[in-house]
Amino acid sequence: MHLATFNCNSIRTRVDRVVALLERHDVDVLALQETKCTDEQFPALPFELAGYEVAHVGHNQWNGVAVVSRVGIEDVQVGFPGQPGWGDPVAAEARALGATCGGVRVWSLYVPNGRSLADPHLLYKLDWLAALREAGARWLTEDPDAQIALMGDWNIAPTDEDVWSVDYYRGRTHTSPEERAAFAAVVDAGFEDVTRSHTPGPGTFTYWDYTQLAFPKRRGMRIDFCLGSPALAARVGDAFIDREERKGKGASDHAPVVVALTDT
DNA sequence: ATGGTAGACAATCTA
């Protein structure tokens, strides 16, 4: 079975490319982030014609996450327990969607960006990750054998290897000790980055800014991950980053990450 | 020259 995660940066703009990558990589379950549309606006038909079901949550032009599956979608859950909100009035954003697909509890996650180290949005990001850690720890307490895949855009580069320049990101978000600690806490709760050993760095990235020719200059970050529970991690046979998808006109600023699971 | 690119939506906001 193949799992994948992709920050598509607008599903309406890129639906044909996304369906094509499902077929190109024989993907069974795809976690999408930044769909940038409401549930009504989500273009489900192209996925259904390709044999997939879709679960989506989107409130407006920002955020939006989905799970796309051809191995069933059960127990769809919008948001995780304790997920902090944002805005005025404070409300949960469309940043987390869970669904059970082919026996795997898949979460499509779009971690808040943080914006800058002095911005309240960074505290929101840290709270959000702490709450996710608590929820994840509880899921594992309830069922230590659960196959859980926390997939998405984590907006954190966990190590210095995961950015093109340590100096460039000093004083910016994504590499601060606080953000890295928040990511490490999720790992400590029992979720392993299942992609890294199959996609070694340095210079291995999943995101490149649209500006300043960042992609051809190989100036990127590794911020998209699949964190697996022990039972899920034990099934991972391979993983890769589809860097080709970032090339050319009309690409997202992220590349998809694909994880191959062995059969149970 | 407060730049550069992309998307949603229609004056800015987000990344």
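Chain letters run A, B, ... following the sequence lines, proteins first and then strands; every chain starts at 1.
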_DNA chain B base-pair string [pairs: Watson-Crick or G-U under 3.5 Å; |: paired with another strand]_ = ....((((...))))
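Residue D153(A) contributes atom CG, which lies 17 Å from atom P of dT14(B) at whole-angstrom precision. Summarising the geometry, the separation between CG on N155(A) and P on dT14(B) is reported as 14 Å, rounded to the nearest angstrom. Atom CG in N113(A) sits roughly 13 Å away from atom C1' in dC13(B) (whole-Å rounding). When the C1' atom of dA15(B) is taken as reference, atom CH2 of W208(A) falls 16 Å away, rounded to whole Å. Atom pair H121(A):NE2 and dC13(B):C1' shows a separation of 12 Å (rounding to whole Å applied).
D167(A) and S165(A) are not linked by any side-chain donor-acceptor pair at a separation below 3.5 angstrom, with hydrogens and angles left out of the test. Using modelled atom types and a 3.5 Å distance limit, the side chains of R105(A) and S229(A) yield no donor-acceptor pair.
For the segment residues 54-65 of chain A, the set of residues with a heavy atom within less than 4.0 Å of an atom of DNA chain B comprises Q61(A), W62(A), in numerical order.
For F205(A) against R218(A), the heavy-atom pair with the smallest separation is CE1-O, 3.4 Å.
Taking side-chain N and O atoms only, R12(A) has no distance below 4.0 Å to OP1 or OP2 of dG7(B).
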Pairs under 3.5 Å (N/O, protein and nucleotides 3-6 of chain B):
none

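Between the P atoms of dT12(B) and dG3(B), the separation comes to 14 Å (whole Å).
As a member of the Ile/Leu/Val/Met/Phe/Trp/Tyr network built from side-chain separations under 4.5 Å, L150(A) groups with F80(A), W86(A), W107(A), L109(A), V111(A), Y124(A), W128(A), L129(A), L132(A), W139(A), L140(A), I148(A), W154(A), I156(A), F183(A), V186(A), V187(A), F191(A), F225(A), L227(A). Annotation for L45(A): hydrophobic cluster partners, listed by chain and number, are L49(A) (ILVMFWY side-chain heavy atoms under 4.5 Å, direct or chained). Hydrophobic side-chain contacts under 4.5 Å tie I241(A) into a cluster, directly or through other members, with V257(A).
In terms of position along DNA chain B, the nucleotide closest to Q41(A) lies nearer the 5' end than the nucleotide closest to the other residue of the pair Y207(A) and Q41(A).
Here R95(A) lies in heavy-atom contact (under 4.0 Å) with sugar-phosphate atoms only. Within 4.0 Å of F215(A), counting heavy atoms only, lies no atom of the nucleic acid at all.
How far CG of N9(A) is from CG of D253(A): 5.0 Å, rounded to the nearest 0.5 Å. Here the CD atom belonging to Q147(A) is positioned 12.0 Å from the SG atom belonging to C101(A), to the nearest 0.5 angstrom.
Ion pair R180(A)/D160(A) flagged as a salt bridge, since at least one NZ, NE, NH1 or NH2 atom sits closer than 4.0 Å to an Asp/Glu carboxylate oxygen. At a threshold of 4.0 Å, the pair D162(A)-R196(A) counts as salt-bridged, since one of the basic side-chain nitrogens sits closer than that to a carboxylate oxygen.
V57(A) pairs with exactly one of V65(A), V67(A), V76(A) by the side-chain contact (heavy atoms from CB on, under 4.5 Å) rule, that one being V65(A).
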